[in-house]
Q: 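Okay, handing you the structure first.
Numbered from 1 within each chain, the chains take letters A, B, ... in sequence-line order.
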Amino acid sequence: MTAPILQITDLTRNFGGVVAVNGFNMTVEHGMIAGLIGPNGAGKTTVFNTVSGFYRPNAGRIVFEGRDITGSPAHRICRYGIARTFQNIRLFGNATAVENVMVGGHVRRKKQWWMPLVFWPGVMEEERSIRSRAEELIRRVDLERYRNEKAGALPYGAQRRLEIARALATEPTFLLLDEPAAGMNPQETEELMQFIKRLRDEFGLTILLIEHDMKVVMGVCERIWVLDYGRLIAEGDAERIQRDQRVIEAYLGDSIDAAADGGGERAGAGPESGTEGESC
Amino acid sequence: MSGKTLNALLTAGAVVLAGMLLAWANAGLDNYSIRILNLIAINAILAVSLNLIYGFGGMFSLGHAGFMAIGAYTSALLVLGPEQKEMMWMLEDIVWPLSVIQIPFWASLLAGGLAAALFSLVIALPVLRLGGDYLGIATLGFAEIIRVLITNSASVTNGSLGIKGIPPHATLYVNYACLGLALYCVVRLLSSNFGNVIKAVRDDEVAARAMGIDTFRYRVLAFCLGAFFAGIGGALQGNLITTIDPKMFNFLLTFNILMIVVAGGLGSITGSVIGSVIITFMLEWLRFADSPFEALGVTIPGVPGMRMVVFALALLALILYRREGIMGMHEFRWEWLFSRRRKKP
């Protein structure tokens, strides 16, 4: 509990003339479930994409476990121990559930790609352990009955859980969840909240999540950061955020329709929707 | 576990059976049929290598003829004796190291594959940053560049005269042994986690990167592996027909292989093998269409090129009614054969 696991200082990211994130600061402690909220287009996903290495920040520093990861490519950041899920689920649709998770396990392998060709000592054991670990994760997220189904054919909630299992296969210490409750009914949302808490405890994770569903945010997050127009407008625990005048203004504003944001609507507009962007 | 040993036994049995069939074919069939069998093996190697790049790696590459040319020329230049080369190079004298080198056939095959892989690495680094159709155009351009280079570097390649009198090392056994080895390598790689990863890179590059995969590295790897086997395929082809020239390696060659891969099924090794059997065989069998024949009581005069018309119609039908190809993305499995057999009674 000494040093924070993730420290973001003065993070800024522009897209052309639009400043998506502007001087953002955040310090996440070990073992915390943290929340990042804000109206549509506030820059939440941009923060995620910058932390996970998909965007290079224009300014600022990101330090993860004492290591400066600013501008590192996505695959290396994953190796350092940050895993993520996507707002619009991105599974490998043609592959089975188990194969999806096995891809996640690949980053921790020690053998080279050509070694199976010559039956290199230990390579078969490693292949088997990647598979058995994948099966184990599938079991732990309760997807056993879908293990050999095509990922694209799974029900929505199952796809969400599979994406989390795939992220867990990379053996992260820090998990980024981008709108895990999007498109879920109240029953599923309730289960998800328990699931997220269980994940943190069983895997010893630190979790940062973006969420529009305020029930989830207030229910699981121990600390919440609120973004509006790329700026941090509030930070604190659930109670404090709910009472914060600027947060209420940002969500309700002067037009009534902005209030709909609080109801778990899937985000769309603004630079933050560019999840598939590859600008780095 | 017992299922796995059973499968291994069945595979071993199938290999032995194939060997026996080859021995029978080698002894009992005429030269023309053996030539077709040889072409099937070489086409299967080429189709599998393109499938690795396009079907599994998702990289639309039209550079196969170029890789084949490099393989064929490397192998031919290394396998020929110094006297033969001295006699054949009439435009310009052959350059020094090549004028004295002669290595065994198998080593020249390997060298052909490695040369193609090395070249593919050089073009992969700039070109694989492109995606989709752009990659197709860029690789097509590179294949043409290779052809022009070969035509114009007479002191190395004998220019447009080509190379003749390559010893016919590529016998039926050699070709099928190479096919067997290529299939072993590709199937083994794709059934390891490498296979899951390369398909993941194809299906969703962003997600693959988030899973810690250096997607560019894996794409380059698949591209070079495909080029390696294409080089070996080209080398075999040169050693089979015993003469090569730059005109052989034009776009039509790439197109034929692409056709086999698409007809067999993108992303199916079984499909590529079946596709090369069917298409190689059909291209020969349809030769009857070029001569006068009778169909439905109407006499059709011999029109040269008629077989390509019939062939194109057959392909059109395949694409219309079975777009994913013969096998789709499925692979042959022993279980698959036996569960069917069990259903019958």
Side-chain angles (χ1 to χ4, degrees), chain A residues 48-49 52-54 73-86 89-96 98-109 111-119 123-124 126-127 130-131 134 151-152 163 166-167 169-172 176 275-278 280, chain B residues 1 4 8 52 55-58 117 129-131 181-225 228-229 265-268 324 328-331 333 335:
Chain A
F48 261 41
N49 283 341
S52 57
F54 284 91
H75 62 88
R76 200 160 302 150
I77 286 181
C78 175
R79 186 173 289 259
Y80 295 153
I82 300 182
R84 68 170 292 177
T85 64
F86 293 90
I89 304 174
R90 283 179 163 268
L91 288 167
F92 308 118
N94 290 320
T96 65
V98 172
E99 284 166 357
N100 264 276
V101 183
M102 284 171 74
V103 172
H106 196 70
V107 66
R108 298 294 169 209
R109 90 210 176 283
K111 300 285 184 282
Q112 292 297 312
W113 60 273
W114 50 267
M115 289 181 174
L117 287 180
V118 290
F119 291 91
V123 75
M124 298 317 291
E126 195 184 62
E127 287 284 325
I130 287 178
R131 177 172 287 274
E163 215 190 9
R166 190 181 64 176
T170 66
E171 298 176 19
L176 300 165
T275 321
E276 43 264 282
E278 284 185 83
C280 46
Chain B
M1 269 321 274
K4 263 187 186 168
L52 194 61
F56 291 95
R129 310 244 174 229
L130 301 170
L181 269 175
L183 285 178
Y184 165 78
C185 291
V186 173
V187 168
R188 185 122 186 88
L189 278 180
L190 289 177
S191 58
S192 76
N193 205 27
F194 174 81
N196 292 330
V197 169
I198 197 72
K199 285 182 247 179
V201 173
R202 169 196 67 189
D203 287 347
D204 193 330
E205 197 173 340
V206 171
R209 274 165 62 201
M211 292 299 106
I213 292 161
D214 186 349
T215 52
F216 184 69
R217 182 169 169 261
Y218 276 89
R219 285 169 53 140
V220 170
L221 198 53
F223 192 71
C224 292
L225 273 173
F228 174 76
F229 289 114
L266 281 172
S268 167
E324 71 275 25
M329 277 198 185
H330 304 286
E331 296 289 358
R333 280 174 210 291
E335 291 86 0

Q: Measure A:Ser52 against the heavy atoms of chain B and call it side chain, backbone, both or neither at under 4.5 Å.
A: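 Neither; nothing under 4.5 Å.
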Q: Between A:Met115 and chain B, with a heavy-atom cut-off of 4.5 Å, which part of the residue counts as in contact: side chain, backbone, both or neither?
A: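 Neither part.
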Q: With a 4.5 Å cut-off on heavy-atom pairs, point out which of B:Val197, B:Asp214, B:Leu225 contacts chain A the most.
A: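 Heavy-atom pairs under 4.5 Å are most numerous for B:Asp214.
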Q: Once you measure the plane-to-plane angle for A:Phe54 and A:Phe86, does it fall in the parallel (<30°), tilted (30-60°) or perpendicular (>60°) bin?
A: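 Taking A:Phe86 first and then A:Phe54, their aromatic rings stand perpendicular (interplane angle over 60°).
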Q: Let's go through B:Leu52 and B:Leu190 carefully: what are the C-alpha distance in whole Å and the side-chain angles of both, what is the deciding distance for side-chain contact (heavy atoms from CB on, under 4.5 Å) to 0.1 Å, and is it a yes or a no?
A: CA-CA 9 Å; B:Leu52 194 61; B:Leu190 289 177; 4.2 Å; yes
Q: So with a 6.0 Å cut-off around CZ of A:Arg109, is the heavy-atom count from everything else above 12?
A: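 Yes, the 6.0 Å shell around CZ holds more than 12 heavy atoms from other groups.
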Q: Relative to chain B, which of A:Val103, A:Val107, A:Leu117 shows the most heavy atom pairs under 4.5 Å?
A: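 Greatest number of close heavy-atom pairs with chain B: A:Leu117.
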Q: Below 4.5 Å from any heavy atom of chain B, which atoms of A:Arg166 appear? Answer side chain, backbone, both or neither.
A: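 The answer is both parts of A:Arg166.
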Q: Side chain, backbone, both or neither: which part of A:Gln112 has a heavy atom under 4.5 Å from chain B?
A: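 Only the side chain of A:Gln112 comes within 4.5 Å of chain B.
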Q: Quick check on the 6.0 Å ring-centre criterion: do A:His75 and B:Tyr218 meet it?
A: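 No, the ring of A:His75 stays outside the 6.0 Å limit from the ring of B:Tyr218, centre to centre.
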Q: Ignoring hydrogens, what is the shortest heavy-atom contact between A:Asn100 and A:Ala151? Give both atom names and the distance.
A: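 Shortest heavy-atom contact: ND2-CB, 3.2 Å.
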Q: Is a side-chain donor-acceptor pair under 3.5 Å present for B:Asn193 with A:Arg131?
A: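 Side chains of A:Arg131 and B:Asn193: no pair found under 3.5 Å.
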Q: Please rank A:Glu99, A:Arg76, A:His106, A:Arg79 by heavy-atom pairs under 4.5 Å with chain B and give me the top one.
A: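 Of the candidates given, the most pairs with chain B belong to A:His106.
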Q: Identify which part of A:Ile130 has an atom lying under 4.5 Å from any heavy atom of chain B, answering side chain, backbone, both or neither.
A: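 Interface part for A:Ile130: side chain.
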